[in-house]
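First the structure, in the form of structure tokens, and then the observations on it.
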Amino acid sequence: MTNLEISKILKNVASAYSIQDEKKYRFQIIAYDKAAESIEHSPTELRELYKDGKLSGIPGVGPTIQGRLEELLSTGKVAHFEEVLSSVPASVFPLLDVPSFGPKKAFRLVSEFDLQDPATVIADVVKIAKEGKIATLPGFGEKSQADILRAIEEYGRGKTKTARMVLPYAMELARKMIAYLEESPAVIRASTLGSLRRRRETVGDIDIAVATNDPKAVLDHFTAYPHKERIIERGERTSSIIVSSGKQIDLMVESPKGFGALLQHFTGSKAHNVHLREYALSKGLSLSDYGIRKRDTDDPYTLYETEESFYAVLGLQWVPPEMRENTGEIELALKNTLPTLLEIKDMKGDFHLHSSYPIEPSHDMGLNSMDEMIARALELGYTYLGFSEHNPSISKHTQKQVFDILSKRKDFIDKLNVKYKNTIRVFSLLETDILPNGSLAIEDDALQLLDGSIVSVHSAFDMDSDAMTQRVLKGLSHPKAKILAHPTGRLLNQRPAYELHWDQIFDYCLKHNKALEINAAPQRLDLPDIIVREAIKKGIKLFIDTDSHAINQMDLMEYGVSVARRGWATPNDILNALPYNELKDWFEK
DNA sequence: GCCGTTTTCGGCCCGACTGTTTTCAGTCG
């Protein structure tokens with residue numbers, strides 16, 4: 001049972017409670033929702049924690065829920081949950097996955113029309129809506145009936161509450177929108193918000209804030225966006241539209257004087273904000289997106305132009321958005337001991353670059369020459385870089401031929417180092433496959449030609465965690481194998497990660513001077529941020545690389561830096577933020 | 001049902017928007 005499945009069960013329990021008696025169970029509902037949220041975002045699978053007897057310590061899980069989780073994980077069911085859940089028709093729960101459906105609406109429809117079959121309930125609702133029956137219910141009308149039909153239709157097309165886009169794609173949409181908004185003279189400042197500003201690896205909706213003294217003009221301009229498909233809502237302060245790609249963009253406007261509080265509120269995360277507000281309440285203050293005031297009063301809010309001043313009133317350091325996940329950052333900010341996170345300007349090179357050098361590779365080749373990639377690296381301000389084409393295909397060559405190709409390539413790179421002597425240093429690397437049996441695709445004499453090798457898994461992804469861990473450790477055991485690239489193998493929204501025993505990988509890297517890669521390719525963003533954080537805690541060193549196959553992809557470094565920042569990385573944790581000499585020493589160690 | 005930031009008892013984040021309403025309920029973030 002996965003964290004997502006467990007979280008879903010707890011959410012259903014909360015929903016069942018709120019259908020039963022929202023007042024009576026008010027705080028149980030909050031507690032179950034909180035626990036569900038916390039488990040959904042837990043870095044470790046609960047079944048692993050349970051196996052290791054470490055189930056306590058999840059925020060929002062106290063003795064009662066912990067006991068029930070243990071029951072769930074050992075027997076597959078919980079008597080108490082079944083009792084609560086059976087108090088409402090099972091057909092309520094599938095409807096809760098549909099946007100705009102909450103427990104009340106779902107229960108109302110299910111009971112009014114006696115829809116008992118969970119397997120058909122969504123289709124049943126469509127049917128009665130099309131027959132015009134929902135509009136006749138007290139509290140419903142033509143409009144809400146139409147909204148229900150549209151919500152279900154969009155749900156069917158995959159716009160579920162959980163469909164998310166990868167970060168670089170979302171950022172591109174957002175930048176286009178911000179550029180459009182800035183065409184309006186009423187826009188003083190625009191910023192991303194929400195998970196996009198926190199730079200989560202995937203983003204649901206795009207949220208944007210605008211500082212303005214003329215909200216109406218900004219909202220008019222926003223809703224007139226040429227690429228919109230339709231307007232979802234339009235108020236005096238916020239508006240939401242769907243753009244032609246089917247994605248939702250939300251806009252919030254505020255006066256410049258109150259912009260700090262708005263940014264803070266809508267950047268989230270929810271867990272960070274709830275924690276911050278609870279803390280503020282204990283200090284006698286009430287926080288909102290408008291500002292701060294004494295609790296239990298109707299005083300006007302004190303406005304904050306910047307987030308820094310907002311946090312400062314609470315006695316906190318400004319918290320970088322990437323850290324706002326309620327995983328200890330508030331405690332550190334209170335003590336003024338937040339780490340100084342890595343920034344893009346700290347990056348001094350890129351080590352996972354596929355050029356078009358004729359290496360006759362096992363996988364795809366790059367589009368640009370080494371010279372072109374070097375030129376781009378210079379523009380990016382790098383002082384070194386490493387080429388790491390895929391190893392020459394071993395099915396099409398003998399190992400002697402592989403050696404000859406790499407030998408020629410070494411000479412070529414040596415000449416580049418002479419040519420660019422005073423501008424940039426070039427490392428001769430390779431991306432070598434770790435074969436299913438754990439050996440490397442090319443032999444020792446060829447590996448000796450390199451400054452070092454990136455190693456990675458590109459085949460047989462479906463091994464179990466024991467076998468995959470052994471495979472990777474064996475691959476890393478060659479002295480020239482220095483960096484494990486895209487360590488989990490996941491492709492966002494496409495392919496899950498293979499399972500590794502991270503504690504073993506971490507121990508090995510630490511002991512044998514190996515590094516893990518944060519691969520910045522949009523579909524990868526691999527290592528995942530939560531594993532980056534674990535690795536850094538252990539003292540593992542990391543590379544951030546773009547895995548570029550063309551020079552325009554070299555700009556993706558910012559997304560790798562985002563992942564690192566979400567893992568609380570400082571410049572000291574990242575090897576390709578080091579000066580050249582230190583990095584060279586590391587390769588030779 | 002959880003939690004300790006003034007508390008091991010007595011609190012529990014806050015507001016916008018929509019649709020159907022003459023004052024609110026439901027959902028969302």
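Proteins come first, then strands; the chains are lettered A, B, ... in the order of their sequence lines, and each starts at number 1. All figures in this text were calculated on a predicted structure; none of them were measured in a lab.
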Exercise for review: Classify every nucleotide of nucleotides 8-18 of chain B by which part a protein heavy atom approaches to under 4.0 Å, writing B for the base, S for the sugar-phosphate alone and - for neither, in 5'-to-3' order.
Suggested key: ---SBBSSSSS
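- Place A:Y279 and A:F140 on DNA chain B by their nearest nucleotides, and A:Y279 ends up nearer the 5' end.
- Heavy-atom contacts from other residues, nucleotides or ligands closer than 6.0 Å to CD of A:E172 number 12 or fewer.
- With a glycosidic angle no more than 90° from 0, B:dT7 adopts the syn conformation.
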Practice item. Begin from the C-alpha positions of A:R324 and A:H275 and carry the test side chain to side chain donor-acceptor pair (under 3.5 Å) through to its verdict. Key: CA-CA 10 Å; A:R324 299 183 197 171; A:H275 191 162; over 6 Å; no
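- Separating the CD atom of A:E37 from the C1' atom of B:dG29 is a distance of 10 Å, rounded to the nearest angstrom.
- To the nearest angstrom, P of B:dC28 lies 11 Å from CG of A:D97.
- Residue-level contact check: A:E22 touches neither bases nor backbone, having no heavy atom under 4.0 Å from any strand.
- A:R150 has no carboxylate O lying under 4.0 Å from a charged side-chain N of A:E229, or vice versa, which leaves the two without a salt bridge.
- As rounded to whole Å, 15 Å separates atom P of B:dT5 from atom CG of A:L332.
- Listed nucleotides: B:dT5, B:dG29, B:dT27. Nearest to the side chain of A:K104: B:dT27.
- In this entry the distance linking CD1 of A:I134 with P of B:dG19 reads 15 Å, nearest Å.
- The P atoms of B:dG4 and B:dC13 are separated by 14 Å, rounded to the nearest whole Å.
- A:Y180 pairs by the ring-ring contact (aromatic ring centres under 6.0 Å, His included) definition with A:H221, A:Y225, not counting sequence neighbours.
- Atom name C1', nucleotides B:dC2 and B:dT7: the rounded distance is 14 Å, in whole Å.
- The same atom, P, is picked in B:dT21 and in B:dA16; the two are 23 Å apart, to the nearest Å.
- Ionic pairing of A:R198 and A:E329 is not present here: no N-O contact between side-chain nitrogen and carboxylate oxygen is shorter than 4.0 angstrom.
- Put simply, the residue from A:E201, A:E322, A:E325 that forms a side chain to side chain donor-acceptor pair (under 3.5 Å) with A:R566 is A:E325.
- Whole-Å rounding puts the A:Y17 OH to B:dC2 C1' distance at 14 Å.
- Here B:dT27 presents its P atom at 15 Å from NZ of A:K11, a figure rounded to the nearest Å.
- A gap of 32 Å separates the C1' atoms of B:dG11 and B:dT18, to the nearest Å.
- Take the nearest nucleotide of DNA chain B for A:Q66 and for A:Q145: the residue whose nucleotide is more 5' is A:Q66.
- A gap of 15 Å separates the C1' atoms of B:dT5 and B:dG10, to the nearest Å.
- In this structure, the nucleotide among B:dC28, B:dC2, B:dG26 sitting nearest to the side chain of A:S100 is B:dC28.
- A:E142 places its CD atom 13 Å from the C1' atom of B:dT20, with the value rounded to the nearest Å.
- Set against B:dG1, B:dT27, B:dT5, the side chain of A:P103 has B:dT27 as its closest nucleotide.
- Two residues are said to be in side-chain contact when any heavy atoms from C-beta on lie closer than 4.5 Å; A:I9 and A:E5 fail this criterion.
- Remark: B:dT8 base-pairs with no nucleotide; criterion is Watson-Crick or G-U wobble with both hydrogen-bond distances under 3.5 Å.
- B:dT20 and B:dT27 are spaced 14 Å apart, taking the P atom of each and rounding to whole Å.
- Spacing between B:dC14 and B:dC9 at atom C1', rounded to whole Å, works out to 25 Å.
- Taking atom CG of A:L251 as the reference point, atom C1' of B:dG29 lies 15 Å away to the nearest angstrom.
- Put simply, the side chain of A:R237 reaches to within 4.5 Å of the side chain of A:D289, judged on heavy atoms.
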